[in-house]
Amino acid sequence: MDIHEYQAKEVLASFGVVSPDGALAYSPEQAAYRSRELGGERWVVKAQVHAGGRGKAGGVHVCDSDTAIYDACEKLFGAKLVTHQTGPEGMGVYRVYVEKAVAIAREIYLGFVLDRTSQRVMIVASSEGGMEIEEISAEKPESIVRATVEPAVGLREFQCRQIAFKLGVDAGLVQQMVRTLQGCYRAFTELDATMVEINPLVITADDQVVALDAKMTFDDNALFRHPQISELRDKSQEDPRESRAADRGLNYVGLDGNIGCIVNGAGLAMATMDTIKLAGGEPANFLDIGGGATPDRVAKAFRLVLSDKKVQAILVNIFAGINRCDWVAEGVVQVLREIEVDMPVVVRLAGTNVEQGQKILAASGLPIIRATTLNQAAERVVQAWQNDQAQGVNMRAAS
Ligand code: ADP
Ligand code: MG
């Protein structure tokens, strides 16, 4: 789960990471009012979306009056901000963060990630802050400093000092760097984050080490341990298909194709997507409905897949081990009787009670296309989809 910049700054502040004074606003009026509350002469208005690259995309404005803040906000609120990380459809701006502007002397990149090779938390830092890490590694790879943390002892001060010196930070500021690095590390481990990124971490003209941006991502599977973090979820920033799935306990990832997949087991779901592609089709989603594919879950899965307007054919692929094919078949029949599905539906069942399952599908009188192997299922769904498309074209041509 991702959170907003202002939320990440608040979380990190409780671990001793310093950022400029700022306040959240939900409207231009409120933003202007917040700047007066904050005081000072210059402020930065920042669109709160779950994506980086806002500065270059017009999502960050430096303002020197409350009317300038109002004007900047008029443009931001309700708009879709398109940055290189959002995709062409952009992300809606419903909150802005008003922050005191600081005088920047130096910008540093700082990131904490999980390094799968060393199985440790890795610190990635660079003296070239402000640029994205991808750019830095392409253009200035020699500026990147890496360090891994031994989990049994945590991040030691000497390691932080080493990083600070490698970045060329003045000796007088090293203590502030140590506090920032250790604060991030503690936030990362104590809150089960998978990523903490401060870009830029700046050294101000008056020698303060300050986080000007902050990004945190958390491990969804550990959110139950951190209710104060799960409360920070902002559904307006998520793919609506994915948040609907998450609310229903389904494991779903939206894709761009048009063949909807309803599968039990993550491995089988991946194999199903591959096989659809092999057969010449494009999957619309990854969906693992889990082991207990009860009729109720099958129904939820159908509704979810159908809510994606791109879907033009559906493949149900269930391997029943603990589950029972007759149950799943009942679920499918029940759903197809309840909701109108005007597209081809291919069902492949295998495993426990498969014969009973097939009988239920056949006896239903519904136009379900059945398949026995995965290859056959993928070929049939792609074929049915192609026929359907061709028919649609013929009908349009005839009318
Ligand atoms: P993004 O990474 O999404 O572009 P940032 O929060 O990093 O957004 O802001 C972009 C740039 O704006 C920063 O690199 C920094 O130069 C400038 N900036 C951001 N916040 C402030 C601030 N409070 N004071 C001065 N400059 C700022
Ligand atoms: Mg940034």
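Read the numbers this way: they start at 1 and go in the same order the structure lists the ligands and their atoms.
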Polar proximity ligand 1 side, G53 side, N/O cut 3.5 Å exclusive: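 The answer is yes, given that G53 and ligand 1 share an N or O pair closer than 3.5 Å.
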If you measure every N or O of E132 against every N or O of ligand 1, does any of those distances drop under 3.5 Å? no
Counting heavy atoms only, which of [options] is nearest [atom]?
atom	options	answer
atom 8 (O) of ligand 1	E197, R54, R42, E5	R54
atom 26 (N) of ligand 1	V210, L81, L212	L212
atom 15 (C) of ligand 1	K215, K46, E99, E107	E107

Honestly curious: do [X] and [Y] fall in one hydrophobic cluster under the side-chain, below-4.5 Å linking rule?
X	Y	value
L212	V49	no
V18	Y6	no
V381	M273	no
I369	L349	no

Hydrophobic cluster (4.5 angstrom, side-chain heavy atoms) - remaining members for F165: V174, V178
Smallest heavy-atom separation, V169 atom then L173 atom, equals CG1-CB, 3.7 Å
Before accepting this row, confirm whether a basic side-chain N of the pair [X]/[Y] lies closer than 4.0 Å to the acidic partner's carboxylate O.
X	Y	answer
E150	R120	yes
K80	E89	no
K359	D326	no
K56	E135	yes
R34	E37	yes
D71	K75	no
K9	D213	no

Could you check [atom] against the protein and tell me its nearest heavy-atom contact, residue, atom and distance included?
atom	answer
atom 9 (O) of ligand 1	V60 CG2, 3.9 Å
atom 24 (N) of ligand 1	V102 N, 3.0 Å
atom 4 (O) of ligand 1	G55 N, 2.7 Å
atom 2 (O) of ligand 1	D213 OD2, 3.0 Å
atom 22 (C) of ligand 1	V44 CG2, 3.4 Å

As an exercise, identify every atom of ligand 1 less than 4.0 angstrom from a heavy atom of [X].
X	value
I104	16 (O), 26 (N)
G52	3 (O)
P200	7 (O), 13 (C), 14 (O)
N199	7 (O)

Is_contact(atom 17 (C) of ligand 1), protein non-hydrogen, under 4.0 Å: no
Residue-atom pairs from the protein, N, O or S only, that lie under 2.8 Å from the Mg ion (ligand 2): N199 O, D213 OD2
